[in-house]
Amino acid sequence: MSDAPASEATRDYSDTLFLPKTDFPMRAGLPKQEPGWIRSWTDLDLYHALRKESAGREKFILHDGPPYANGHIHIGTALNKILKDFVVRSHQMLGYDANYVPGWDCHGLPIEWKVEENFRAEGRSKDAIPVNEFRRECREFAQKWLAVQKAEFQRLGVVGDFDDPYLTMSYPAEAGIARELMKFATSDQLYRGSKPVMWSVVERTALAEAEVEYHDYQSDTVLVAFKIANIDTKAINALRDGPSEPGTEEDEKVLTDLLEARVVIWTTTPWTLPGNRAISYGPGISYGVYEVTAAPAENWAKPGDRFLLADSLAEEVFKEARVEAYERRDDVPTSVLAGVTAHHPLAGRGYEFTVPLLPGDHVTDDAGTGFVHTAPGHGVEDFEVWMENKRDLEAAGIDPTIPYTVGADGKYTKDAPGFEGLSVITDEGKKGEANKAVIDALTEAGALIGRGRLKHQYPHSWRSKKPVIFRNTPQWFIAMDKDLGDGSTLRSRALNAIDRTQFVPASGQNRLRGMIEHRPDWVVSRQRAWGVPITVFVNKNTGEILKDEAVNARIGAAFEAEGADAWFEEGAAARFLGEAYDPAVWEKVDDILDVWFDSGSTHAFCLEQRPDLKWPADVYLEGSDQHRGWFHSSLLESCGTRGRAPYDAVITHGFTMAEDGRKMSKSLGNTIAPQNIIDQYGADILRLWVASQDYTDDQRIGKEILKGVADAYRKLRNSIRWMLGTLAHDSGETPGFATMPELERLMLHRLAVLDGEVREAYRRYDYGHVAHTLMNFANVELSAFYFDIRKDALYCDAPSSPRRHAALFTVRTLFDALVTWLAPLLPFTMEESWAARGHERSINFALFATIDPAWRDDALAEKWEKVRRVRRVVTGALEVERREKRIRGSLEAHPVVTIADPALLAVVEGVDFADVVITSAVTLVAGEPDPAAFALPEVPGVSAAVHHAEGTRCARSWRYTSDVGSDPRYPDLSARDAAAMAEIDGAAAA
RNA sequence: GGGCCUGUAGCUCAGGUGGUUAGAGCGUACGCCUGAUAAGCGUAAGGUCGAUGGUUCGAGUCCAUCCAGGCCCA
């Protein structure tokens, strides 16, 4: 005020400036605004309008991995869907027809449980409900939740065919899944085998791991000795080539000792011994032959008895067997054990078979005897060891068939000679007489050397709370290693397909390959109600699977029209078998397909069946857990039926952790729901969080991180806002590129470079790169450099100024590029920006901005890199002046810049350097740097001394110039501003 | 316990084939502006590159071991 001339009040020129003018708010209010944009997209039927718009373009298909229709979405689901939307939107804007059809996984156990629970609440038991009534309830349950999730996905901004998604429970899908299964049946890849499952005798049902809980339980324990039957020549040779001299007396002694010794096992389930078929040993454990030297008179283990035991467990075993003294006689290397076979302890009582010793990594030497009794029908590990050795067993003349020793009623079958009809577990869930009978028989056979009781954790049914047992049951398998007639197997085809698939990140390839290499045959049957049945008939006499195209066609047609419920209707068997087959001979299988087979078939009933999609998909995208899940089952299904993978590329993302990098858990209270983030910040903030992370690794989320994302968003939003405000004054001129100032050409060059970079990053699904690059660009090159410099020209230049027109053209172009590039990541905000720019048509229909590749000018960029280095010296010098309070704003300054390198001097002289450093004037001097002036070590040969700007301050532009008042009409303005005012006032007068 | 993966400033990320004082943006502190104003500009602080050993003239980058964390198995 004190500086202002008291006599004449200077005119306020503010409203003669072209200041930014926009209604685009600084604060987005995303939680409130976003639903409005979703409504507008619904109103214009965006999904179908996009299909129409892009009809005829090359298709790009991301095939959706179906989430389970059960419960609200969580942060991981949100991440997954947002990433998919990035893929789809970016490819749409790259010029493809990127058609996304969401899907849902609807069958399966968790829904069955919920429905069962609901029935129980009404006092009805599952067994009392007709199967199709139960299935109807499950269908409704899934329908309800998929509707909820559908709304939640759309709230995230995801575009796709939400009016017509695919559902694994739709009738055509159920028909499609059954048809796929029948392909496996007719091509002989499907076979009936058996496998131990957890079984509740009380409920007469198989249980999944999630359906059991562990409680204390008292078990009988036994130490049982198996007589050695034979030691093969290979084992003998192994021994003779061992540590001692070949063929020494020592070796012969060991052999003799071994043949007389017995292998000791320890078990808590004596009732499984009739099912014993092998003994497992640990390949890394050291074993020895021990001889009892003293024991009580009536003891089971007597002096002179020899036992084979793990060395670290011998002492404990002998204590348990009440042996008073013993001695160790020999080392027994595990290479020898590999060739040893034993007799079953009940040999002579109907158990006349060879019991091989098998290596097993599950065997430890911290409890038991170091040998594990192996009953393949009664334990998962037992089963696996047995199956791994199946080929060798057959070669050795051992029947690999797994006996069904216990029936559904918990009683021994004829496969357990001598015990038939005895109960393991009674209908009431109590211990039956099986254990006692087996123990008595063992004692009688002289095989028992110790017994006891043990309290331990044992699985119980979570419904009845009664103990469960492992029991061999018939199951359906898809063979991994069967020759499919062309020399290939399902495994070899799948491995081949993996080699031809692109993985993002690349490590996914190894991970999937490792799993396929080692996986056992695929068990596809479940003893369940809610799913697609295994639609095959089996000959009751021969076990042969019916292969009849007409029967299969009837099944497919019925499912198409009525759903898979048709399989469970009265008279279904006769209906499908038709005239040609007798339902009395052909058994209808009532097992349900594993849900992984359902989702593994989506490529068939969705991709292949929908005319608007294509097979194979360009890409599948899921969490890294799906290497074992959907990527895996889809690969096997497709390789078994079509010989290749249903995808060309597989993208995986990691898991979302809490802020400290640990797993989120309800008990730790560090979970964060997408709904809360949307309510507090908006979906675009959640999306920007996804975009700014490396999704291929695990991500973190939490308060601080979200705050950081919101900050970054705000900064970006303000730059967009400034462009919108500036462009309010844009009259749309398109100056020739060559006529534009270098600064504009520099920015256009940057766009040309970024154009390639952004498109390339989108093509490799690298959203982090897009987000970081563009935000960096907006902050460093636009907000802090280009915009800052050009404010003077944009605000003050005359309406006709070519410099102003060039700047407006450039801002306009920058805006179009930036907004379209960011649209896949921030669809709400970019739609809002687009609309604020006056576009009537949604940005969803736009492609990435067209950038003229001719704008690229690397020489110019290199030149300006030098200019900016000198600029840094000047801004540094200005900072010192500010600190010393000699200047306030940079327009008060007049730097004198001394440059030693003549070439560099010429470069700087060639640009409007005062504009570039935003000072009123600048003087460039050739010569060595002034030691008294400001310099930067990283910019040698350049110094800057800052003087106060001379002249008078222009009341309009605030620049100090010597020509203020040169136009008498505007005594307080510089010549440039006076001319601008004359133009403005003239226009106003006209 | 096994397979695959990750660990660089407070936060999010860059750092081809090992080579000068490890970079960016955001945030923070301080200053400026008050014509992008619950904004804009500038300056500065901030890292034993998870740890330890090794290879090498030289390692964030290669090797080994360990620690922490994740997914999938057991």
Side-chain angles (χ1 to χ4, degrees), chain A residues 12-22 24 26-27 284 361-362 364 380-381 384 505-515 517-519 623-629 632 652-663 688-689 691-694 696-726 768-769 771-780 783-785 787-789 791-792 794-796 872 874-885 887-892 918 937-938 956-958:
Chain A
D12 179 7
Y13 288 97
S14 293
D15 53 6
T16 73
L17 297 167
F18 301 104
L19 294 176
K21 197 180 128 196
T22 178
F24 189 83
M26 203 137 91
R27 293 176 65 89
D361 290 328
H362 64 293
T364 63
V380 174
E381 285 165 336
E384 281 167 2
S507 56
Q509 191 161 40
N510 280 336
R511 190 163 172 186
L512 188 55
R513 188 188 291 120
M515 287 176 183
E517 270 168 356
H518 297 115
R519 67 153 300 140
S624 61
D625 58 333
Q626 296 303 321
H627 286 106
R628 171 124 343 239
H632 193 116
T652 52
H653 58 77
F655 279 68
T656 305
M657 302 296 133
E659 201 140 26
D660 59 359
R662 287 165 176 278
K663 207 198 291 230
L688 189 56
W689 167 75
S692 56
Q693 305 258 348
D694 175 6
T696 62
D697 193 3
D698 290 341
Q699 322 86 41
R700 298 173 180 215
I701 197 164
K703 269 181 79 176
E704 190 190 342
I705 291 167
L706 280 169
K707 197 179 160 294
V709 175
D711 282 340
Y713 172 87
R714 207 173 311 135
K715 207 153 159 51
L716 178 69
R717 184 179 173 91
N718 267 313
S719 292
I720 290 171
R721 179 168 181 266
W722 182 85
M723 287 193 271
L724 280 166
T726 296
H769 190 75
H772 282 117
T773 303
L774 292 183
M775 289 199 287
N776 249 27
F777 175 67
N779 292 333
V780 178
S783 187
F785 182 68
F787 293 168
D788 214 26
I789 292 169
K791 278 175 195 169
D792 174 71
L794 284 164
Y795 294 176
C796 304
R872 251 171 269 143
V874 177
T875 44
L878 291 175
E879 188 58 25
V880 174
E881 295 306 299
R882 265 194 206 104
R883 192 151 300 149
E884 300 301 324
K885 306 285 182 200
I887 61 163
R888 300 167 71 81
S890 61
L891 288 175
E892 289 178 30
I918 320 179
E938 64 266 30
R956 187 164 176 270
S957 68
W958 298 346

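Letters go in sequence order (proteins before strands), and every chain restarts at 1.
Atom-to-atom, CZ of A:Arg700 to C1' of B:rC13 comes out at 13 Å; the value is rounded to the nearest Å. Residue A:Met775 contributes atom CE, which lies 17 Å from atom P of B:rC11 at whole-angstrom precision. In this entry the distance linking CG of A:Leu774 with C1' of B:rC26 reads 15 Å, nearest Å. Atom CD in A:Gln693 sits roughly 14 Å away from atom P in B:rG7 (whole-Å rounding). The interatomic distance linking A:Glu704 (CD) with B:rA9 (C1') rounds to 13 Å, in whole Å. The distance between atom CD1 of A:Ile705 and atom P of B:rA9, rounded to the nearest whole Å, is 13 Å.
The partner of B:rU56 cannot be assigned: no Watson-Crick or G-U wobble pair with both contacts below 3.5 Å exists in any strand. Within the shown strands, B:rC13 is the pairing partner of B:rG23 under the Watson-Crick or G-U definition, both distances less than 3.5 Å. Across all strands shown, B:rU65 forms a Watson-Crick or G-U wobble pair with B:rA51, both key distances being under 3.5 Å. Nucleotide B:rG1 has B:rC73 as its partner under the Watson-Crick or G-U criteria, with both atom distances under 3.5 Å. Across all strands shown, B:rC41 forms a Watson-Crick or G-U wobble pair with B:rG31, both key distances being under 3.5 Å.
Comparing B:rA9 with B:rC26, their C1' atoms sit 12 Å apart, to the nearest whole Å. Straight-line distance between the P atoms of B:rG23 and B:rG60: roughly 13 Å, to the nearest whole Å. B:rU37 and B:rC32: their C1' atoms are spaced 14 Å apart (whole Å). Between B:rG15 and B:rC41, the two C1' atoms lie 29 Å apart (nearest whole Å). Atom name P, nucleotides B:rU61 and B:rU8: the rounded distance is 13 Å, in whole Å. Annotation: B:rG7 and B:rU52 have their C1' atoms spaced 16 Å apart (nearest Å). For the P atoms, the distance linking B:rA29 with B:rG3 amounts to 48 Å, nearest Å. Rounded to the nearest Å, the gap between the C1' atom of B:rU20 and that of B:rC33 is 39 Å.
Salt bridge present: A:Asp711 and A:Lys707 bring a charged side-chain N and a carboxylate O closer than 4.0 Å. A:Arg882 and A:Glu879 are joined by a salt bridge, as a carboxylate oxygen and a charged side-chain nitrogen come within less than 4.0 angstrom of each other.
Counting non-hydrogen atoms under 4.0 angstrom, A:Asp694 reaches the backbone sugars and phosphates but no base. Residue-level contact check: A:Val709 touches neither bases nor backbone, having no heavy atom under 4.0 Å from any strand. Here A:His627 lies out of heavy-atom contact (under 4.0 Å) with every strand.
Every residue was checked against the side chain to side chain donor-acceptor pair (under 3.5 Å) condition with A:Thr22, not counting sequence neighbours, and none meets it. With sequence neighbours left out, the salt bridge (Lys or Arg N to Asp or Glu O under 4.0 Å) criterion links A:Asp660 to no other residue. Legend: residues meeting side chain to side chain donor-acceptor pair (under 3.5 Å) with A:Thr16, ordered by chain and number and at least two apart, are A:Arg956. By the side chain to side chain donor-acceptor pair (under 3.5 Å) test, A:His632 pairs with A:Arg519, sequence neighbours left out. Partners of A:His769 by side-chain contact (heavy atoms from CB on, under 4.5 Å), not counting sequence neighbours, listed by chain and number: A:Glu757, A:Ala761, A:Arg764, A:Asp766, A:Thr773. Every side chain to side chain donor-acceptor pair (under 3.5 Å) that A:Asp792 has, sequence neighbours left out, goes to A:Arg959, A:Arg976. Residues forming a salt bridge (Lys or Arg N to Asp or Glu O under 4.0 Å) with A:Glu881 (at least two apart in sequence, or on another chain): A:Arg886.
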Task: Nucleotide-resolved protein contact map, nucleotides 66-74 of chain B, B/S/- at heavy-atom distance under 4.0 Å - done: --SSSBSSS
Open item on the list: So if I define the base as every atom that isn't primed, P, OP1 or OP2, how would nucleotides 31-37 of chain B read as a B/S/- string at a heavy-atom cutoff under 4.0 Å?
Closed with: SSSSBBS
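Taking for each of A:Asp711 and A:Phe785 the nucleotide of RNA chain B with the nearest heavy atom, the 5'-most of the two is the partner of A:Asp711. Along RNA chain B, the nucleotide nearest to A:Gly514 and the one nearest to A:Gly876 differ in position, and the one closer to the 5' end is contacted by A:Gly514.
In this structure, A:Asn718 CG and A:Leu724 CG are separated by 11.0 Å, a value rounded to the nearest 0.5 Å. Atoms SG and CH2, on A:Cys796 and A:Trp958 in that order, are 9.0 Å from each other to the nearest 0.5 Å.
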